[in-house]
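Note that ligands are numbered from 1 as they come in the structure, with each ligand's atoms numbered from 1 the same way. Because the structure is predicted, anything quoted here is derived from the model rather than measured.
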Amino acid sequence: VSAQASEDPVSVELERPGDAAAVEALVDAAFGPGRYAKTAERLREGRAPQPGLGFVALEAGGVIGTVRLWPILIGGTEACFLGPIAVEGGRRREGLGALLVERALDAAEAADFPAVLLVGDPYFTRFGFEKADVRMPGPVDPRRVLIKVLRDGEAPKGAVEPA
Ligand SMILES: CC(C)(COP(=O)(O)OP(=O)(O)OC[C@H]1O[C@@H](n2cnc3c(N)ncnc32)[C@H](O)[C@@H]1OP(=O)(O)O)[C@@H](O)C(=O)NCCC(=O)NCCS
């Protein structure tokens, strides 16, 4: 997958172990230290990024975008959680966020997850995310808890926990 950037081409690739430091720096810049206080972090803390479930937008070898997926349970049903997703401040609104979301959704589907959950704003409705009926492991604005079903059937409901 690639997007037309101003100069060098941008590609979206599987995250590799060597990308982790650049990914962390990008996420820190996007969210600040408050990122660790977010309820979504309860689904990630103490876990390493999952092989095959992280993607980076690369330009001239540098990481300018990131998205990760995490296996979770929703009411006992396996699913995955999307986040964090971030694009470098000077490179937003070029479609890179959309490329990263689409790639993550493809990966979730390929890995046979029935649904993808996230905490985010209305930006994500364009990808088919809808309001979820779940209980997150901490305080969160329920309007921001969104789910996309990847298979036929109803959206999983219930308590969300790390898988
Ligand atoms: C959210 C984010 C990843 C989107 O990346 P991006 O590369 O700018 O996304 P795209 O270029 O695919 O889409 C941009 C479009 O989405 C809209 N958009 C971007 N962020 C939005 C938001 N938070 N709420 C509503 N719309 C948003 C823009 O208005 C733009 O629409 P337009 O093209 O009609 O102007 C990026 O803005 C970012 O890193 N933000 C900071 C971190 C963050 O908030 N992450 C999401 C937390 S859930």
**Q** Strictly less than 4.0 Å: does any protein heavy-atom distance to atom 2 (C) of ligand 1 fall in that range?
**A**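 Protein heavy atoms within 4.0 Å of atom 2 (C) of ligand 1 - there are none.
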**Q** Could you tell me, atom by atom, which parts of ligand 1 come under 4.0 Å of a heavy atom of G120?
**A**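 Result: 48 (S).
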**Q** Residue-level breakdown please: for V87 versus ligand 1, do any non-hydrogen atoms fall below 4.0 Å on the side chain, on the backbone, on both, or on neither?
**A**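 Within the 4.0 Å criterion, V87 contacts ligand 1 through backbone and side-chain atoms alike.
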**Q** Is the closest heavy atom of G95 to ligand 1 under 4.0 Å?
**A**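 Yes; G95 lies near enough to ligand 1 that a heavy-atom distance drops under 4.0 Å.
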**Q** Is atom 12 (O) of ligand 1 near the protein, in the sense that some protein heavy atom lies at less than 4.0 Å from it?
**A**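 Yes, because at least one protein heavy atom sits under 4.0 Å from atom 12 (O) of ligand 1.
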**Q** Backbone or side chain, does any N or O of R91 fall under 3.5 Å from an N or O of ligand 1?
**A**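 No; every N/O pair is 3.5 Å or more apart.
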**Q** Minimum heavy-atom separation for D121 and L146, please, with both atom names.
**A**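 Distance-wise, the nearest heavy atoms are O-CD1, 3.7 Å.
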**Q** Considering only heavy atoms of L96, which atoms of ligand 1 have at least one such atom less than 4.0 Å away?
**A**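 Going through ligand 1 atom by atom, the ones under 4.0 Å from L96 are 7 (O), 11 (O).
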**Q** Heavy atom to atom 35 (O) of ligand 1, shortest distance: which of R35, R93, R92 holds it?
**A**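 Among R35, R93, R92, the closest heavy atom to atom 35 (O) of ligand 1 comes from R93.
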**Q** Measure across T39 and P139 and return the closest heavy-atom pair with its distance rounded to 0.1 Å.
**A**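 Here T39 and P139 meet closest at OG1-O, 2.6 Å.
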**Q** For atom 22 (C) of ligand 1, what is the nearest protein heavy atom, given as residue, atom name and distance?
**A**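 Answer, as residue, atom name and distance: D121 OD1, 3.5 Å.
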**Q** With nothing but distance in play, are any N or O atoms of G97 less than 3.5 Å from an N or O of ligand 1?
**A**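 Min N/O separation from ligand 1 is below 3.5 Å for G97.
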**Q** Measure the distance from atom 44 (O) of ligand 1 to every protein heavy atom, then report the residue, atom name and distance (to 0.1 Å) of the closest one.
**A**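 Nearest neighbour among protein heavy atoms for atom 44 (O) of ligand 1, to 0.1 Å: F31 CE2, 4.0 Å.
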**Q** Considering non-hydrogen atoms of the protein only, which is the closest contact for atom 10 (P) of ligand 1, and what is the distance?
**A**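 I find the closest protein heavy atom is Y123 OH, 3.4 Å.
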**Q** Measure the SG-CD distance between C80 and E109 for me, rounded to the nearest 0.5 Å.
**A**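 It comes to 10.5 Å.
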**Q** For the NZ atom of K38 and the CE atom of M136, what is their distance to the nearest 0.5 Å?
**A**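 Output value for this atom pair is 11.0 Å.
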**Q** Which atom names give the shortest non-hydrogen contact between W70 and A48, and what distance separates them?
**A**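 In this case the closest contact between W70 and A48 is CZ3-O, 3.3 Å.
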**Q** Hey, is V119 touching ligand 1 through its side chain, its backbone, both or neither, going by heavy atoms under 4.0 Å?
**A**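 It is the backbone that gets close, since no side chain atom is under 4.0 Å.
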**Q** F124 to ligand 1: N or O pair under 3.5 Å?
**A**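 The answer is no, given that F124 and ligand 1 share no N or O pair closer than 3.5 Å.
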**Q** Near E94, which atoms of ligand 1 are under 4.0 Å from a heavy atom of that residue?
**A**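 Answer, ordered by atom number: 11 (O).
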**Q** Identify the closest protein heavy atom to atom 45 (N) of ligand 1: which residue and atom is it, and at what distance?
**A**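 For atom 45 (N) of ligand 1, the nearest protein heavy atom is I85 O, 3.0 Å.
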**Q** Report the part of R126 in contact with ligand 1, treating N, CA, C, O as backbone and CB onward as side chain, heavy atoms under 4.0 Å; options are side chain, backbone, both, neither.
**A**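 R126 to ligand 1: side-chain contact only, backbone stays beyond 4.0 Å.
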**Q** Counting only heavy atoms on the protein side, is anything nearer than 4.0 Å to atom 37 (O) of ligand 1?
**A**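 At least one protein heavy atom is under 4.0 Å away.
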**Q** Rounded to the nearest 0.5 Å, how far does CG of L96 lie from CD of E59?
**A**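 So the gap between those two atoms works out to 8.5 Å.
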**Q** Below 30° counts as parallel, above 60° as perpendicular, anything between as tilted: where do the rings of F127 and F124 land?
**A**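 It falls in the tilted class, 30° to 60°.
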**Q** How many angstroms lie between CD in E13 and CZ in R103, if you round to the nearest 0.5 Å?
**A**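 Reported to 0.5 Å precision, the distance equals 7.0 Å.
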**Q** Going by the atom numbers of ligand 1, which of them fall below 4.0 Å from some non-hydrogen atom of A98?
**A**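 Result: 12 (O).
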**Q** So, does E45 use its side chain to make a donor-acceptor pair with the main chain of L43 at under 3.5 Å?
**A**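 Checked: no pair found.
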**Q** For a side-chain contact (heavy atoms from CB on, under 4.5 Å) check, start with the C-alpha distance between V67 and V101, then their side-chain angles and the critical distance, and finish with the verdict.
**A** CA-CA 7 Å; V67 65; V101 172; 5.9 Å; no
**Q** So, applying side-chain contact (heavy atoms from CB on, under 4.5 Å) with K148, which one of L105, L82, T125, L118 is it?
**A**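 Only one option passes, and that is L105.
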**Q** Any protein heavy-atom neighbour for atom 18 (N) of ligand 1 (distance below 4.0 angstrom)?
**A**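 At least one protein heavy atom is under 4.0 Å away.
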**Q** Roughly how far apart are L53 CG and F81 CZ, rounded to 0.5 Å?
**A**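 L53 atom CG to F81 atom CZ measures 14.0 Å (nearest 0.5 Å).
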